[in-house]
Amino acid sequence: METKKAPIRRAFDAGRSAAFLMPRRQIPRIYGRVGSLEVRLAQSRADLRRAQNLRYRVFYEEMSAVPSLLSQMRRRDEDDYDAICDHLLVVDVDAKPAGGHGWTSGRRPEVVGTYRVLRQEQAERAQGFYTQSEYDIAPLVEARRSNYKFMELGRSCVLKPYRNKRTVELLWHGLWTYVREHKVDVMIGCASFAGTDPDAHAMALSFLHHHALASPEWRCRAHDHLHVPMDRIPIEKIDAKAALKALPPLIKGYLRLGATVGDGAVIDHQFGTTDVLIVLPVENIDPRYFEHFGAPEEVRSRIAVDA
């Protein structure tokens with residue numbers, strides 16, 4: 001999840017540019033379907049707006065993010081990165097029109113899950129990676145650019161009624177297919193604990209620091225003015241079982257795949273979260289997941305459907 005605060009004027013320009021940069025309509029790029037749910041890329045202004053609306057519902061209405069006046073009026077979470085990113089969506093193709101009735105006819109797919117992704121080449125043509133605002137990732141990207149292509153993950157959320165294994169796995173099928181399609185080598189981005197008190201997550205943060213810290217060659221540090229120490233409990237006092245139970249599901253999922261974390265947490269007061277940096281080289285992914293999601297050399301999703 002990403003969390004930069006922007007002035008109202010900048011947010012207005014960002015939302016407007018994101019909408020106008022996207023085409024009105026394209027043939028959907030569908031990565032997979034299970035029942036009434038399908039995972040695909042946003043292909044239109046309407047797709048993007050629905051993803052922004054979902055993010056608002058989750059981050060601002062369900063969680064404790066503090067919206068700007070413009071966000072409140074539009075009921076959308078938006079910033080200037082939306083215009084340069086791709087947006088992975090899980091949609092319910094059988095969802096009823098807004099309100100369940102009205103002047104519109106037919107059915108309008110509802111966006112129930114999303115990931116915002118930013119490839120290195122997209123970032124370098126624009127304002128860089130968003131994660132750089134919290135962690136000094138630039139030296140890592142520069143040192144590895146000859147052999148590794150980076151991609152940033154952010155704004156991940158799923159609508160509460162759909163927050164189950166099926167939806168999350170479908171989102172991951174789409175993300176993994178996108179990674180292989182674009183030959184991405186490293187996924188990077190921030191994941192969050194709820195709340196701004198790091199001591200409330202002392203056990204989990206300390207577990208991450210002592211057991212999941214990235215090796216020196218992959219390690220990035222939070223900027224000095226934002227850096228919050230994660231080693232809040234000595235290693236000998238950590239209850240690993242309790243720590244794992246306290247980890248947010250998304251962070252736990254990244255660790256299972258083979259991810260490591262950066263040095264230091266960052267408090268995001270706008271979104272009401274404590275952020276940690278996730279670094280996941282594709283070469284580190286546990287091979288057992290390939291049996292379900294597909295091997296790295298495969299391009300087509302194993303649950304793909306014809307568009």
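Residues I84 and L118 form a side-chain contact, since some pair of their non-hydrogen atoms from C-beta on lies under 4.5 Å apart. Looking at heavy atoms from C-beta onward, H182 lies out of side-chain contact with M151 at the 4.5 angstrom threshold. Looking at D47 and V111, their side chains never come closer than 4.5 Å, going by heavy atoms from C-beta outward. Contact of the D275 side chain with the F193 side chain is not registered, since no non-hydrogen atoms from C-beta on lie closer than 4.5 Å. The side-chain heavy atoms of E124 and F129, taken from C-beta on, include no pair separated by under 4.5 Å. Looking at R119 and K149, their side chains never come closer than 4.5 Å, going by heavy atoms from C-beta outward. For the pair D79/R155, a side-chain contact is recorded, criterion being any heavy-atom separation below 4.5 Å from C-beta on. With a 4.5 Å cut-off on side-chain heavy atoms, H87 and R55 count as touching.
Checking side-chain atoms of E298 against main-chain N and O of A295 turns up a donor-acceptor pair under 3.5 Å. A donor-acceptor pair under 3.5 Å is absent between the side-chain atoms of E152 and the main chain of G189, judged by distance alone. Looking at R57, its side chain never comes within 3.5 Å of a backbone N or O of N53 through a donor-acceptor pair. S71 contributes no side-chain N or O that, together with a main-chain N or O of Y56, makes up a donor-acceptor pair within less than 3.5 Å. Listed for the H211 side chain is no donor-acceptor partner under 3.5 Å among the backbone atoms of A240. Using a distance-only test at 3.5 Å, with no hydrogens or angles considered, no donor-acceptor pair links the side chain of W218 to the main chain of V279.
In terms of heavy-atom proximity, Y135 sits nearest to C220 at CD2-O, 4.3 Å. Taking both residues in full, the closest heavy atoms of V58 and C157 are given as CG1-CB, 3.8 Å, listed atom of the first, atom of the second, then distance. Minimum heavy-atom separation, P234 to H210: C-NE2, 4.2 Å. The shortest non-hydrogen separation linking P198 to L205 is O-CD1, 3.6 Å. Between C190 and E134 the shortest heavy-atom distance is SG-OE1, 3.4 Å. Taking each heavy atom of A204 and A246 in turn, the nearest pair found is CB-CB, 4.2 Å.
Between F271 and Y60, the ring center distance clears the sub-6.0 Å criterion. When ring centroids are compared, W172 and Y178 stay outside the 6.0 Å threshold.
Note on M230: it does not cluster hydrophobically with I267, by side-chain heavy-atom contacts below 4.5 Å among ILVMFWY residues. The hydrophobic clustering, which links ILVMFWY residues whose side-chain heavy atoms are closer than 4.5 Å, places F290 and V282 together. A continuous path of ILVMFWY side-chain contacts below 4.5 Å connects L280 to L244, so both sit in one hydrophobic cluster. Hydrophobic clustering, with ILVMFWY side chains joined whenever heavy atoms are under 4.5 angstrom apart, groups L54 together with V93.
With sequence neighbours excluded, the residues satisfying side chain to side chain contact (heavy atoms under 4.5 Å, CB included) with A202 are R232, I233. Legend: residues meeting ring pair (Phe, Tyr, Trp, His ring centres under 6.0 Å) with H292, ordered by chain and number and at least two apart, are H173.
Crowding of E291 atom CD: a count of heavy atoms from other residues, nucleotides or ligands under 6.0 Å not exceeding 12.
For the atom pair OG1 of T131 and CG of L277, the computed distance is 6.5 Å after rounding to the nearest 0.5 Å. For the atom pair CZ of R29 and OG1 of T177, the computed distance is 8.0 Å after rounding to the nearest 0.5 Å. Separating the CG atom in L171 from the OG atom in S156 is a distance of 6.0 Å, to the nearest 0.5 Å. I251 CD1 to S192 OG: the interatomic distance, rounded to the nearest 0.5 Å, is 7.0 Å. Atom CE of M203 is separated from atom CG of L247 by 11.5 Å, given to the nearest 0.5 angstrom. Considering CG of L257 and CG of D286, their distance stands at 8.0 Å, rounded to 0.5 Å.
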Run E62 and R163 through salt bridge (Lys or Arg N to Asp or Glu O under 4.0 Å) and show every step you take.
CA-CA 13 Å; E62 181 182 343; R163 212 165 289 161; 2.7 Å; yes
Candidate pair Y31 and E38, rule side chain to side chain contact (heavy atoms under 4.5 Å, CB included), full reasoning:
CA-CA 7 Å; Y31 289 135; E38 70 179 27; over 6 Å; no
Pair H209-D263, side chain to side chain donor-acceptor pair (under 3.5 Å): steps then yes or no
CA-CA 7 Å; H209 176 84; D263 178 3; 5.0 Å; no
Could you please spell out the steps behind the side chain to side chain donor-acceptor pair (under 3.5 Å) verdict for S36 and D92?
CA-CA 6 Å; S36 67; D92 186 344; 3.1 Å; yes
Test log, rule side chain to side chain contact (heavy atoms under 4.5 Å, CB included), inputs L89 and V39:
CA-CA 6 Å; L89 313 176; V39 59; over 6 Å; no
Determine, step by step, whether T274 and V228 satisfy the side chain to side chain contact (heavy atoms under 4.5 Å, CB included) criterion, reporting the C-alpha distance in whole Å, the side-chain angles of both residues, the deciding distance to 0.1 Å, and the verdict.
CA-CA 9 Å; T274 299; V228 174; over 6 Å; no
Run the salt bridge (Lys or Arg N to Asp or Glu O under 4.0 Å) check on R125 and E121 step by step: do they pass?
CA-CA 6 Å; R125 286 197 300 264; E121 59 265 34; over 6 Å; no
Would you sort out whether Q132 and D136 count as a side chain to side chain contact (heavy atoms under 4.5 Å, CB included), showing the intermediate values?
CA-CA 5 Å; Q132 181 65 32; D136 189 16; 3.2 Å; yes
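Among D82, D77, T114, the one residue that satisfies the side chain to side chain donor-acceptor pair (under 3.5 Å) test with Q52 is D82.
Among residue pairs with one or both ends in residues 235-260, those qualifying as side-chain hydrogen bond (donor to acceptor under 3.5 Å, both in side chains) are Y115-Y254; sequence neighbours excluded.
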